[in-house]
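One structure is given here, and the rest of the page talks about it.
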Amino acid sequence: MGGAFFLQSAFIWGVFFVCMKLLEQWWGQALYAVLDRMNLDISLGHVRWRTTALNYFFQHVGLRYAAWWRAWFNVGVAVGAVAMVGSLALLVVNLSWMLGSLWRDYGSIASIDPSELMIITPVVPGINVPSNQLWHLMVALVVSGVIHEAGHALAAASERVRVQSCGMFVTYIYPGAFVDLAEDGLARLDPAALLRIYSAGAWHNTVLAVGSVILLTTMHIWAAPLYTFSAQGPYITNVPSHSPLSDQLSVGDTIVALDRCPVASVSDLQACLMDIVSKMARNDPVDAHRVDRAQLDRSLSTECCSPDYRGAMQCFSSLATENRYCLSAREVLAGPRCDGGSGCVAPVLPKGTAIMQLHLARHYGNTTPGHPVAVWFAGAPEHLWYSFETRDYRPRGYLATLLPRDLPHYLNRLFYYIASVSGGLALLNMAPVFFLDGEWALTPLMAYVAPSWVVHDPTAPGRLKGRAGPARTVLWVASTLFAVNLILSIGILIYRGDAFV
């Protein structure tokens, strides 16, 4: 899936580049004149747009409330310093964790959850971001980037550094934002002012991530006037007519468990399904159940054990004799579990399939409200996932026809992505790595913690002239550590062929 997605993206960029070259042949320099008027810069795999329309806003707001902004960004300096040290420690621990996992579990990587292989998981569309969540990721990247760069612009304006322009860009498939600050203004600042500017983006991302987590965890409160939240488990909101469970599930049923895995939300249901997938990949033994000897004696036919069988019976194998029997899966699996011995049978299943039991609370129909109902499903876990639609929220009765049914679901996932992306930017962007904010924040930070490691400008006491050898060493070591982490983690994801359900 991941390879196909990136090939498709490369094909689109290739077609776009060819079209641009054809337009260049037809229009010549007129094409570049049009692009200049539109403030667009286009190259293979990269589109950049800039504007000066917001310059006045940043300068006006930054200077008018300069004292307040300095106090605000002083907090950001402390957060940025912690993030710089924390990011280095996290990169070291993450690399050690991955290498240790590869050493211990190399032969079974495909069956291990990524969270058990690495602490930092890269977000890679087509590999661990499904296509139906791609727009959540894109919006999260844009929002996080805009808030990040707005922090740099406001911090610079409060220090009387001119904002020359700002804008948006797309590199391959990733969108982002930027702000262009006057170099001469930065050159005259002391280390404290520089730190406020360089740490501002990570500080704003921290605030955005915390705000998103708060909105995410309190959605059941602030959305309550419009939507009902199921504290017992996710609602079933739709059962397609072609679903194999269409005659067993009802809209409004609440899922409370899958097998012995409790379900309190849609994400819990996904985690339970992924756990089943992992168990199948590891070839974990299937649960066995005890059956009366008389019932086995009555099961003389093994027709259901044929790959072409399409009836209602299920093929079971005796743990003691390995004889096969055609039995009712509902009756057998409802019986007691056992570990071996006479009368213990286990289902014989095609590779990649399982017998799963959905535990429901039925709130209306022919049963008592909240009455427990068990539904069995034999097949692949992903087929069960697509057999119905489920949500944590549903519109209140009097608004059911007016409100988008899936709005809380989309907002929930959007806040999750914003919190993840913005939190990642807040931490890793302060790492002392080339091309990240940490590269620029390292020298002024060292001016405080290790003054002998930096070079001061003799003509302007307190200002920094350049980067000394120790700072360059830290940058190269941290950049190498960052690159190894990134390459190894993406390599593991590609090797696993990782994809969400």
Side-chain angles (χ1 to χ4, degrees), residues 1-6 82-130 133-134 137 140-141 144 171-174 202 205-206 209 213 267 270-284 416-439 442 473-501:
M1 178 181 173
F5 178 84
F6 279 93
V82 172
M84 182 177 290
V85 176
S87 63
L88 285 174
L90 185 59
L91 289 172
V92 171
V93 172
N94 187 64
L95 182 59
S96 302
W97 190 294
M98 285 192 292
L99 292 176
S101 299
L102 291 174
W103 180 265
R104 292 190 312 270
D105 308 307
Y106 179 77
S108 58
I109 288 176
S111 64
I112 301 176
D113 189 88
S115 62
E116 298 179 23
L117 294 171
M118 60 189 86
I119 301 172
I120 308 171
T121 304
V123 179
V124 185
I127 295 180
N128 62 353
V129 178
Q133 296 180 23
L134 192 57
L137 174 61
L141 287 169
S144 300
T171 298
Y172 198 52
I173 56 174
Y174 292 98
N205 281 134
T206 302
V213 170
S267 59
Q270 287 180 301
C272 292
L273 286 168
M274 290 303 297
D275 184 55
I276 293 173
V277 172
S278 297
K279 288 179 179 178
M280 291 192 302
R282 294 194 301 264
N283 293 317
D284 286 2
Y416 170 80
Y417 272 99
I418 291 177
S420 301
V421 171
S422 197
L425 280 175
L427 182 63
L428 294 179
N429 206 32
M430 284 305 295
V433 172
F434 290 112
F435 307 113
L436 300 183
D437 288 343
E439 175 188 2
L442 178 63
T473 301
V474 171
L475 277 173
W476 277 108
V477 171
S479 298
T480 302
L481 181 63
F482 185 89
V484 172
N485 269 273
L486 184 63
I487 293 170
L488 190 57
S489 57
I490 292 178
I492 290 174
L493 291 179
I494 293 174
Y495 176 79
R496 294 180 78 255
D498 215 45
F500 288 155
V501 174

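Keep in mind the model is a prediction, meaning the values are calculated, not measured.
Atoms CD1 and CG, from Ile490 and Asn485 in turn, are 11.0 Å apart once rounded to the nearest 0.5 Å. Atom CG of Leu141 and atom OH of Tyr417 lie 10.5 Å apart (nearest 0.5 Å). The CG atom of Leu486 lies 12.0 Å from the CG atom of Leu95; values are rounded to the nearest 0.5 Å.
Looking at heavy atoms from C-beta onward, Phe434 lies in side-chain contact with Trp476 at the 4.5 angstrom threshold.
The minimum heavy-atom distance linking Glu439 with Leu475 is given by the pair CA-CD2, 3.8 Å.
Applying the side chain to side chain contact (heavy atoms under 4.5 Å, CB included) criterion to Val92, with sequence neighbours excluded, gives Ser96, Leu481.
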Distance-only donor-acceptor hits, side chain of residues 418-433, under 3.5 Å, sequence neighbours excluded:
| from | atom 1 | to | atom 2 | distance (Å) |
| --- | --- | --- | --- | --- |
| Ser420 | OG | Tyr416 | O | 2.9 |
| Ser422 | OG | Asn205 | O | 2.8 |
| Ser422 | OG | Asn205 | ND2 | 3.0 |
| Asn429 | ND2 | His148 | NE2 | 3.3 |
| Asn429 | ND2 | Asp437 | OD2 | 2.8 |

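Ser489 contributes no side-chain N or O that, together with a main-chain N or O of Thr121, makes up a donor-acceptor pair within less than 3.5 Å.
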